[in-house]
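In what follows, a structure is listed as structure tokens, so that the remarks can point back to it.
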Amino acid sequence: MVEIRLTNSRTRRKEVFTPIDASDVRMYVCGPTVYDRAHLGNARPVVVFDMLFRLLRHVYGPDHVRYVRNFTDVDDKINAAAQARKAAGAGGSLEELIRARTEETIGWYHADMAALGALPPTAEPRATDFIGQMIAMIGILIERGHAYAAEGHVLFRVRSYRDYGALSGRSVDDMIAGARVEVAPFKEDPMDFVLWKPSDASLPGWDSPWGRGRPGWHIECSAMSHELLGDSFDIHGGGIDLQFPHHENEIAQSCCAHPEGGFARVWMHNEMLLVEGKKMSKSLGNFFTVRDLLDRGVPGEVIRFVFLSTHYGKPMDWTEKKQLEASKAIRKMAGMLGMRGTEFLTGLEEGKPLNSVVDALADDMNTHGALHALDRSTLQLAYRELDLIDIIPDIYASQRLLGFDLKGHPEAWARAIQHDETMGIVRSRAPSTKPELLVDLEVRMVQLRAEATSSKNFSAVDALKAALTAAGVEVRMSKAGVELLPGPGFDPSKLEALK
RNA sequence: GGCGGGUUGGCGGAGAGGUUACGCAGCGGAUUGCAAAUCCGUGAAGACCGGUUCGAUUCCGGUACCCGCCUCCA
């Protein structure tokens, strides 16, 4: 069994991971509030914990890992968006407008995250489906003296939980001293946080012992993780920005409501995403969504590669340059799959992931190390050229473990065809994800080139080549033929004129 | 103000107390109608100041600078 080591935010140390039950490894990750398209920052924890999910599945077996990631579909931003739509004359009740918006957002989220190669979690609970459990948990907290009702609100009594602040290394007194927020008059203590708040008629609400209202933000994760994963589970993940107050509050709620359980044993936090060295924000104009990138022609696997090239515990800077480097690296990775020709590539099946890759991942998810282990130059040092060809199925399996499936990548086929040509094998046009238009243009280019070779006038060939290059197409000409590949800046619209 | 993280070659970015990380870019070569891609080769580092050590970029302390969190946020 591979020994996995993970940095536990709670102890601030790298520890050997031992699941509570190896036949049922359980992980909970805080998911998105579904009011709008996921921005690039939202995608980082998705890829990070997808990688952990894949590693756990590899080590413990796909049927022995449960990964829960919630959807927060009750939230004031969602309410505000729905109220704005209603004010703008949209039909339907507020509840219907909210439901429509959250449904739509969840659909986008699924599509965008799938494009990044993220597996669907085992369960994706929606907060609104667990209001009953939240009310029950709040009831227990009041019973045990950890919460109190005041003016239609229910508040958690922070002073009743000794370890409050332990996760994020803060003391309640320090925080009060440095507090910048206005304190609601009905709070016993400035740090007490809301479990339940009242809703007026213009807001969605549920009946509760404390009147019609809606849950505070933190209680949903406590209620859902308890309902789906139990009193104690293995890993709780999320962005470092959630460490305080969200995760601190979750721990307080869960541990006070279910003191018999240990709640999450390992806490993992991914660091933030920056864009060109700055935090992504609308005011700086460097804010963009995953969909924006995909629509701009940046493939999902390139985004994934950039994410995986930085350790999850370090801030990751998204830059144009990294994006270009990643697309080159992806091409090289894909190219290796074609080293043995088209016939082999067509029938390529997954072998067993390389130990060097698994070991890197098992070492606190050193994804950069895993990618490095898959570099051709690294592999060439570890294996002789002939052996390298033998382990293509293992290389493929390793890539798949990292969430990349490059079997259909144009570069894999280009390499395979090149191999066939060198070996004198008749080329067979195999399925790749290359756009049809490029295949047609290849044929035309071959004809023009044949004419040019006899006439010694290459101007027509050069003109076509220039147009293709301008559209971001990579033009490769060899004695045997022409290969057109979409490059990093490929823009299909610029090819329309060449039809 | 409190808490946390960082500072490595032109750029990105690792591991390891003493041996070349690696990639990209650059440069030289092979190849090409010209290119592209590919292949071969190649130079370049460890913020600053102290300490521990036979030896530190790697451990310890301090300084400077950068970033994040403390308020919705992944």
Side-chain angles (χ1 to χ4, degrees), chain A residues 9 12 29-33 35 38-49 69 72 75-77 80 165 167-171 173-182 191 217 237-248 269-274 277-282 306 309-317 319 321-329 331-332 335 360 363 366-378 380-381 411 414-415 418-419 422 449 452-453 455-459 461-462 465-466 468-469 473-479 482-485 487:
Chain A
S9 311
R12 290 157 208 270
V29 173
C30 292
T33 301
Y35 66 101
H39 64 244
L40 195 62
N42 293 307
R44 168 112 113 136
V46 173
V47 172
V48 165
F49 291 103
R69 185 181 65 206
T72 299
D75 173 87
D76 287 344
K77 279 195 290 275
L167 177 71
S168 51
R170 293 152 202 258
S171 85
D173 293 324
D174 286 351
M175 285 188 285
I176 291 170
R180 295 177 182 172
V181 271
E182 209 176 311
M191 291 311 293
W217 172 38
I240 187 73
D241 56 330
L242 292 181
Q243 191 180 41
F244 186 88
H246 183 57
H247 291 159
E248 203 71 71
H269 292 99
N270 62 276
E271 256 292 348
M272 296 291 98
L273 177 123
L274 305 172
K278 299 217 162 68
K279 187 184 175 178
M280 187 158 73
S281 72
K282 285 178 179 166
V306 172
S309 65
T310 298
H311 185 84
Y312 73 87
K314 289 199 162 185
M316 201 215 74
D317 196 7
T319 63
K321 196 169 173 181
K322 278 189 193 172
Q323 180 197 311
L324 289 173
E325 286 187 10
S327 67
K328 287 185 188 177
R331 274 193 352 197
K332 287 192 177 183
D363 181 15
N366 184 352
T367 47
H368 187 280
L371 291 173
H372 173 237
L374 273 179
D375 263 3
R376 188 173 40 214
S377 51
T378 310
Q380 277 169 339
L381 282 178
E411 183 72 20
R415 287 291 294 233
Q418 193 189 355
H419 169 271
T422 325
R449 212 155 142 262
T453 312
S455 70
K456 300 290 177 208
N457 178 359
F458 287 90
S459 57
V461 181
D462 287 340
K465 190 175 80 181
L468 287 165
T469 307
V473 178
E474 199 173 287
V475 181
R476 300 184 190 174
M477 292 185 262
S478 67
K479 288 199 176 81
V482 175
E483 192 74 37
L484 299 181
L485 293 164

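Just so we're clear, the structure is a prediction, and the values are computed from it rather than from any experiment. Order of the sequence lines fixes the chain letters, A, B, ..., with proteins taken first and strands second; residue numbering starts at 1 for each chain.
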**OP:** Could you tell me whether A:His39 contacts a base, only the sugar-phosphate backbone, or nothing, with contacts defined as non-hydrogen atoms closer than 4.0 Å?
**Re:** base

**OP:** Take A:Pro315 and A:His372, find for each the nucleotide of RNA chain B with the closest heavy atom, and name the residue whose nucleotide sits nearer the 5' end.
**Re:** A:Pro315

Original post:
Reckon A:Leu324 touches a base, only the sugar-phosphate, or nothing at all at heavy-atom distances under 4.0 Å?
Top reply: nothing

Original post:
Distance between the C1' atoms of B:rU32 and B:rG17, in whole angstroms?
Top reply: 50 Å

Subject >> Between B:rC70 (C1') and A:His247 (NE2): distance, integer Å >> reply: 16 Å

Subject >> Selected nucleotide, minimal atom distance to A:Leu274 side chain, candidates B:rG13, B:rC67, B:rC39 >> reply: B:rC67

**OP:** Output the single nucleotide from B:rG13, B:rC72, B:rU38 whose closest atom is nearest the side chain of A:Lys322.
**Re:** B:rG13

Original post:
A:Lys465 side chain: which of B:rC34, B:rA37, B:rC24 is closest?
Top reply: B:rC34

Original post:
Should A:Asn270 and A:Ile240 count as side-chain neighbours, where that means a heavy-atom distance under 4.5 Å?
Top reply: no

Original post:
Within this structure, what is the CG-to-C1' distance between A:Leu485 and B:rA35, rounded to whole angstrom?
Top reply: 15 Å

Subject >> Gap in Å between the two C1' atoms, one belonging to B:rU57 and one to B:rC49, rounded >> reply: 16 Å

Original post:
Who is the Watson-Crick or G-U wobble partner of B:rG15, with both distances under 3.5 Å?
Top reply: none

Original post:
Which whole number of Å gives the distance between the P atom of B:rA45 and that of B:rU19?
Top reply: 15 Å

Subject >> Minimum-distance nucleotide (side-chain atoms of A:Lys321 versus B:rA25, B:rA21, B:rC11) >> reply: B:rC11

Original post:
So what does A:Glu325 hit on the nucleic acid, given a heavy-atom distance under 4.0 Å: a base, only sugar-phosphate, or nothing?
Top reply: base

Original post:
Atom CD of A:Glu248 to atom C1' of B:rC69: distance rounded to whole Å?
Top reply: 13 Å

Original post:
Using atom P of each nucleotide, how far apart are B:rU8 and B:rG29 to the nearest Å?
Top reply: 33 Å

Original post:
Starting at CG of A:Asp317 and ending at P of B:rG6, how long is that distance when rounded to a whole Å?
Top reply: 16 Å

Subject >> Length of the CG-C1' vector between A:Asn42 and B:rC72, whole Å >> reply: 12 Å

Original post:
Is A:Arg69 touching bases, backbone alone, or none of the nucleic acid, heavy atoms closer than 4.0 Å?
Top reply: nothing

Subject >> Nearest to side-chain heavy atoms of A:Ser377, which nucleotide of B:rC22, B:rC24, B:rG33 >> reply: B:rC22

Original post:
Do A:Met316 and A:Val48 touch side chain to side chain, with heavy atoms closer than 4.5 Å?
Top reply: no

**OP:** For A:Lys328 and B:rC22, give me the distance from atom NZ to atom C1', rounded to whole Å.
**Re:** 16 Å

**OP:** Answer yes or no: does a side-chain N or O of A:Arg376 lie under 4.0 Å from OP1 or OP2 of B:rC39?
**Re:** yes

**OP:** Would you indicate what A:Val461 reaches in the nucleic acid, counting non-hydrogen atoms under 4.0 angstrom: base, sugar-phosphate, or nothing?
**Re:** base

Subject >> Out of B:rG6, B:rA35, B:rG15, whichever nucleotide has its closest atom nearest the side chain of A:Met477 >> reply: B:rA35

**OP:** Pick base, sugar-phosphate or nothing for A:Arg44, based on heavy-atom distances below 4.0 Å to the nucleic acid.
**Re:** nothing

Subject >> Closest to the A:Lys314 side chain, choosing from B:rA14, B:rA25, B:rU38 >> reply: B:rA14

Original post:
Judged by modelled atom types alone, do A:His39 and A:Asn42 share a side-chain donor-acceptor pair under 3.5 Å?
Top reply: yes

Subject >> Separation between the P atoms of B:rC22 and B:rG6, rounded to whole Å >> reply: 25 Å

**OP:** Identify the nucleotide, in any strand shown, that forms a Watson-Crick or G-U wobble pair with B:rC39, with both distances under 3.5 Å; if there is none, say none.
**Re:** B:rG29

Original post:
Just to confirm, is there a sub-4.0 Å distance from OP1 or OP2 of B:rA37 to any side-chain nitrogen or oxygen of A:Lys332?
Top reply: no

**OP:** Using both distances under 3.5 Å as the test, list the Watson-Crick or G-U wobble partner of B:rG4, or none.
**Re:** B:rC67

**OP:** Could you check if a side-chain atom of A:Glu483 sits within less than 4.5 angstrom of a side-chain atom of A:Gln418, using non-hydrogen atoms only?
**Re:** no

Original post:
For RNA chain B, whose closest nucleotide is more 5', that of A:Asp363 or that of A:Phe458?
Top reply: A:Asp363

**OP:** Answer yes or no: is there a side-chain heavy-atom contact under 4.5 Å between A:Arg44 and A:Met272?
**Re:** no

Original post:
Considering only B:rA21, B:rA36, B:rC73, which nucleotide approaches the side chain of A:His368 most closely?
Top reply: B:rA21

Subject >> Proximity to the side chain of A:Lys77 - top-ranked nucleotide from B:rC22, B:rC72, B:rG33 >> reply: B:rC72

Original post:
Just by distance, with hydrogens left out, do A:Ser459 and A:Asn457 show a side-chain donor and acceptor under 3.5 Å apart?
Top reply: yes

Subject >> Note, A:Met191 side chain near A:Glu248 side chain (heavy atom, < 4.5 Å) >> reply: no

Original post:
Base, sugar-phosphate, or nothing: which does A:Gly369 touch, judged by heavy atoms less than 4.0 Å apart?
Top reply: nothing

Subject >> Closest to the A:His311 side chain, choosing from B:rA35, B:rC69, B:rA14 >> reply: B:rA14

Original post:
For atom C1', what is the distance between B:rU52 and B:rA56, given to the nearest Å?
Top reply: 10 Å

Original post:
Is the base of B:rG33 touched by the side chain of A:Asp462 through a donor-acceptor pair closer than 3.5 angstrom?
Top reply: yes

**OP:** Provide the Watson-Crick or G-U wobble partner of B:rC59, both distances under 3.5 Å; none if there is no partner.
**Re:** B:rG51

**OP:** Starting at atom CE of A:Met316, determine the distance to atom C1' of B:rG5, rounded to an integer number of angstrom.
**Re:** 16 Å

**OP:** Any chance you could measure A:Leu242, atom CG, to A:His247, atom NE2, to the nearest 0.5 Å?
**Re:** 4.5 Å

Original post:
Does a side-chain heavy-atom distance below 4.5 Å link A:Thr310 with A:Lys322?
Top reply: yes

**OP:** Provide the distance between the two P atoms, one in B:rG61 and one in B:rU42, to the nearest whole Å.
**Re:** 40 Å

Original post:
What does B:rU20 pair with, Watson-Crick or G-U, if both distances are under 3.5 Å?
Top reply: none

**OP:** Starting at atom CG of A:Asp241, determine the distance to atom P of B:rG68, rounded to an integer number of angstrom.
**Re:** 12 Å

Subject >> Between B:rA21 and B:rG9 - C1' atom distance, rounded Å >> reply: 12 Å

